[in-house]
Amino acid sequence: MDLRDFIKICEEKGELKRIKVEVDWNLELSHIAKINEENKGPALLFEKVKDYQIPVFTSAFTSPRRLAIALGMPEHFSMCDMAKRWMELTTKKLIPPVEVKSGPVLENVIEGPRANLFDFPAPKFYPMDGGRFIGTAVFLITRDPESDWVNLGTYRMQILDEKTTGVQIIKGKHADFMLKKYQKMKKTMPAAAVIGGDPLLFLAGSTLVSAGVCEYDIVGALRGTPCEVIKSDLTGLPLPATAELILEGEVETDPSKFREEGPFGEYTGYYSGKTGEEWPKPVLYVKRILHRNNPIFWATSVGKPVTDTHMIQSLNRTATLWTDLENMKIPGIQSVYIPPETGGRFWGIVSVKQMYPGHSMHVGTAVISTTTGHYGMKGVIVVDEDIRADDIERVLWALAVRYDPYRSTEIIKRGRSTPLDPALPIEAREIVSRIIMDACIPFEWERKPTEIKLDEEMLEKVRGRWKEYGF
Ligand SMILES: Cc1cc2nc3c(=O)[nH]c(=O)nc-3n(C[C@H](O)[C@H](O)[C@H](O)COP(=O)(O)O)c2cc1C
Ligand SMILES: [Mn+2]
């Protein structure tokens with residue numbers, strides 16, 4: 001139910017390493033985490049961070065097993081299996097949070113003048129980063145001023161001074177919808193940034209669920225029990241009772257007061273912000289800091305794939321894409337996968353059991369129209385039912401032997417893009433093109449190629465004698 005449970009279980013299962021020597025928050029910590037994540041190593045708990053008493057937790061989700069532990073799913077589950085179960089759980093009933101009077105996050109309440117963001121061991125990740133990033137494993141809680149909709153969204157946060165952070169709320173994100181409404185009302189936007197705590201809340205914060213849906217309810221559905229929240233007397237927002245650290249305050253909505261932040265070494269493998277693409281961002285004025293006794297500071301690596309960030313994106317975007325396709329009631333979907341190696345977002349693969357002519361292209365065009373697929377996705381590959389979407393070797397085989405570029409390709413010229421895509425010119429990152437590659441044998445072909453299948457009887461015999469052969 002909280003970060004401490006998760007760390008404890010990881011440790012019991014040999015999925016955690018404690019780093020006991022002193023490590024510098026300035027580049028050293030992030031470089032250790034990055035190398036460890038590329039090696040698909042364990043989660044890390046840095047116990048002695050230079051200048052601080054507070055430990056730093058990284059690399060939570062670099063293995064499917066740790067994702068399964070966080071989700072309370074069978075530990076042998078693949079990313080595809082987890083995403084499917086996620087889809088099944090969240091297309092049933094969502095479970096809203098319950099309010100509780102108090103919780104461990106209120107153990108320390110630091111108001112006004114004493115609040116200092118430099119009291120927390122926020123790392124500097126990459127050499128050209130513009131500063132220290134306090135919000136990487138973070139989500140921002142905001143409320144729609146015109147309804148009861150509460151949103152949890154992961155938007156990175158750089159420390160700008162003792163009481164101010166940048167918040168990279170990209171256009172079209174849910175907090176951006178809300179921000180624009182507060183802007184019209186000439187008000188700041190009450191907000192709470194949660195750093196560390198229930199691992200599922202962080203996973204949900206970076207999930208593309210539809211507007212109007214509260215991510216607390218998604219976590220309730222995933223876990224089967226409601227989240228416990230405390231109503232803040234400062235912002236009125238529902239705060240997770242077991243969070244490690246919360247920064248409460250208001251987000252500036254007046255664009256003339258937005259500030260430059262970054263650069264930051266992003267999940268694309270390139271820097272963003274102040275590296276040619278000046279782009280003033282909203283800021284959070286921190287009015288109050290809440291934290292548990294002996295808080296654990298949670299950070300997540302970014303940079304080139306594959307890191308924690310890519311695994312998170314891969315899992316939750318696969319899950320929401322699958323959910324969207326399920327909700328569209330497209331028949332025959334066998335499996336869905338957005339590989340972490342593609343940034344966990346830029347390419348998607350879907351396996352389909354074709355039932356009518358054009359079915360595979362129905363799937364391809366559906367993908368790019370979903371909430372997940374319409375945003376930043378550049379390529380969709382559709383394969384036949386005999387290939388699992390996460391079996392990359394067979395997907396490449398299908399592209400080799402079932403795909404004809406002219407017949408099997410559709411290019412869509414204008415789709416919503418992400419301003420972080422380095423493949424687009426810095427001054428034109430609003431729109432991207434997309435490709436749909438239909439790597440299926442056309443359903444309507446009367447004369448289909450004859451695929452090699454092993455002889456069942458012989459297979460059984462060979463399996464029976466396998467040891468005898470000396471293997
Ligand atoms: C580690 C991590 C960092 C992210 N950083 C940002 C960010 O800085 N800005 C942003 O707009 N989205 C960022 N995202 C993606 C959003 O979290 C994602 O689009 C999510 O759907 C946003 O919530 P919303 O749909 O409620 O707006 C990040 C995702 C992850 C996993
Ligand atoms: Mn949302």
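For ligands, and for the atoms within them, numbers begin at 1 and follow the listed sequence. Because the structure is predicted, anything quoted here is derived from the model rather than measured.
Among protein heavy atoms, the minimum distance from atom 17 (O) of ligand 1 is reached at T154 O, 2.8 Å. Looking only at protein heavy atoms, the nearest one to atom 11 (O) of ligand 1 is K173 NZ, 3.0 Å.
When the N, O or S atoms of E215 are ranked by distance to the Mn ion (ligand 2), OE2 comes first. The N, O or S atom of H174 with the smallest distance to the Mn ion (ligand 2) is ND1.
If you check each of H174, E261, K281 against atom 27 (O) of ligand 1, the one with the closest non-hydrogen atom is H174. For the residues A175, G205, S314, the heavy atom positioned nearest atom 20 (C) of ligand 1 is part of G205.
With respect to M189, the side-chain contact (heavy atoms from CB on, under 4.5 Å) criterion is satisfied by exactly one of M178, R143, E252: M178. When each of R414, R416, K171 is checked for a side-chain hydrogen bond (donor to acceptor under 3.5 Å, both in side chains) with E430, only K171 meets the rule.
Atoms of ligand 1 found under 4.0 Å from any heavy atom of Q168 (numbered from 1 in listed order, with element): 7 (C), 8 (O), 9 (N), 10 (C), 11 (O).
Taking 2.8 Å as the threshold, N151 counts as a candidate ligand of the Mn ion (ligand 2), since one of its N, O or S atoms lies below it. None of the N, O or S atoms belonging to C214 lies under 2.8 Å away from the Mn ion (ligand 2).
Within the structure, ligand 1 has E215 among the residues with a heavy atom less than 4.0 angstrom away. For A211, the closest heavy-atom approach to ligand 1 does not fall below 4.0 Å. In this structure, R317 has a heavy atom closer than 4.0 Å to ligand 1. Heavy-atom separations between L152 and ligand 1 include at least one value shorter than 4.0 Å.
Using cut-offs of 30° and 60° for the angle between ring planes, the F6 and F57 rings count as perpendicular.
Considering backbone and side-chain atoms alike, I170 places an N or O below 3.5 Å from some N or O of ligand 1.
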